[in-house]
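Each chain gets a letter, A, B and so on, in the order the sequences are listed, and its residues count up from 1.
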Amino acid sequence: MVSEFMLQQTPAARVTPVWLAWIERWPTPAALASEPVGEAVRAWGRLGYPRRAQRLHAAASAIVQRFAGQVPADEADLRSLPGVGEYTAAAIASFAHARRALVLDTNVRRVLARLDGGEAFPPASISKTERTRAEAWLPDDPHAAALWAVASMELGAQVCIATGRPVCGRCPVADDCAWRAAGYPEWDGPERKAQTYAGTDRQCRGALLAVLRDADAPVPRAKVLAAWRTDAEQASRALASLLDDGLVRLDCAGDLTL
DNA sequence: CAGACGTGGTA
DNA sequence: TTACCAAGTCT
């Protein structure tokens with residue numbers, strides 16, 4: 001569950017060291033839930049999207065309170081936890097509990113779009129067609145389904161990759177691939193819009209939060225805002241949103257902490 | 001359903 | 001150097 005949270009939109013290579021330290025420090029949901037959420041945000045380091053740390057901490061608390069400290073195996077129960085969406089619930093049910101679940105991440109979606117759909121990429125948002133298609137591939141036996149889930153995801157991550165040319169020479173189903181058979185037609189769907197970052201509120205929030213993550217004591221407001229000199233108004237607004245999100249808190253002296 | 005939400009690696 | 005994007009979730 002911890003790894004799945006960390007892997008949401010974050011490459012595995014960057015997750016590994018943080019995950020190792022996290023699991024050693026907090027081996028159980030109860031261990032994590034017993035510490036302040038700010039410690040989770042700090043331990044999250046530079047993985048990005050720090051609200052995931054906040055949600056993981058909240059999920060741990062919910063597991064202690066509602067599931068006797070045990071990570072649930074049922075998808076609906078998993079979905080009731082903060083930060084656990086369609087993908088993560090299926091992944092935990094499948095990988096951790098060997099349940100039959102539709103694990104449809106960006107890798108599997110791409111594999112099926114090519115293998116079955118004959119297109120270079122899946123649509124921007126997950127469609128009914130994709131779920132139906134994926135369901136048809138999923139074996140009935142739970143253990144076989146769980147194996148299919150890891151295998152299809154890994155195939156997408158290592159072989160049927162998003163960037164550059166796929167490594168079809170190492171693909172076990174290359175001969176069955178509709179996209180390959182069609183001669184690798186270019187993606188003709190809507191432009192995949194580049195995500196901007198420089199100068200955004202996201203970058204600003206990250207800069208402010210980094211100050212608090214690296215500090216071992218509460219920091220005066222002015223000192224936090226000084227981490228974003230380019231636009232004082234933006235910094236002020238970003239800090240307000242961080243406070244609003246609960247990622248940053250005000251101590252009794254008026255200083256800021258995680 | 002589009003847009004917000006971090007960060008860093010690769011081509 | 002810019003552009004893309006990486007095991008998504010929430011609003």
Figure out the [atom1]/[atom2] separation between [X] and [N], and round it to whole Å.
| X | N | atom1 | atom2 | answer |
| --- | --- | --- | --- | --- |
| A/L208 | B/dT7 | CG | C1' | 15 Å |
| A/Q203 | B/dA4 | CD | P | 15 Å |
| A/W44 | B/dC5 | CH2 | P | 18 Å |
| A/D214 | B/dT7 | CG | P | 11 Å |
| A/D245 | B/dC5 | CG | P | 8 Å |
| A/Q54 | B/dC5 | CD | P | 14 Å |
| A/D244 | B/dA4 | CG | P | 17 Å |

Check: In terms of hydrophobic clustering (I, L, V, M, F, W, Y; side-chain heavy atoms under 4.5 Å; direct or indirect links), are A/F95 and A/W137 co-clustered?
Finding: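 Yes.
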Check: Does the side chain of A/R205 come under 3.5 Å of the side chain of A/T200 through a donor N or O and an acceptor N or O?
Finding: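 Result is no, nothing qualifies.
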Item checked: Derivation and outcome, salt bridge (Lys or Arg N to Asp or Glu O under 4.0 Å), residues A/R114 and A/E119 -> CA-CA 5 Å; A/R114 292 174 179 176; A/E119 300 194 334; over 6 Å; no
Notebook entry, point to check: Would you say B/dT7 has OP1 or OP2 under 4.0 Å from some side-chain N or O of A/R213?
Noted result: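 Answer is yes, contact under 4.0 Å.
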Margin query: By nearest heavy atom, map A/A124 and A/Y197 onto DNA chain B; which one lands nearer the 5' end?
Written below: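 Looking at DNA chain B, the more 5' nearest nucleotide goes with A/A124.
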Check: Restricting to pairs with a member in residues 154-178 of chain A, which pass salt bridge (Lys or Arg N to Asp or Glu O under 4.0 Å), not counting sequence neighbours?
Finding: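 Residue pairs passing salt bridge (Lys or Arg N to Asp or Glu O under 4.0 Å), neighbours aside: none found.
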Check: Counting any heavy atom closer than 4.0 Å, what does A/R51 reach on the DNA or RNA strands: base, sugar-phosphate only, or nothing?
Finding: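 Contact class for A/R51: sugar-phosphate only.
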Notebook entry, point to check: With sugar-phosphate meaning primed atoms plus P, OP1 and OP2, does A/L47 contact a base, only sugar-phosphate, or nothing at under 4.0 Å between heavy atoms?
Noted result: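 Base contact - A/L47 has a heavy atom under 4.0 Å of at least one base atom.
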In terms of side-chain geometry, is the basic nitrogen of [X] or [Y] positioned less than 4.0 Å from the acidic oxygen of its partner?
| X | Y | answer |
| --- | --- | --- |
| A/R109 | A/E130 | yes |
| A/D255 | A/R221 | no |
| A/E86 | A/R79 | no |

Checklist line | Integer angstrom distance from the C1' of C/dA7 to that of B/dA2 | finding: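 Result for the C1' pair: 23 Å, nearest Å.
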Check: Looking only at atom P, what distance separates C/dT11 and B/dG6, rounded to whole Å?
Finding: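 Result for the P pair: 14 Å, nearest Å.
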Next item on the list: Heavy atoms under 4.0 Å is the rule here; annotate nucleotides 1-11 of chain C 5' to 3' with B where the base is hit, S where only the sugar-phosphate is, and - elsewhere.
Entry: ---SBBBBSS-
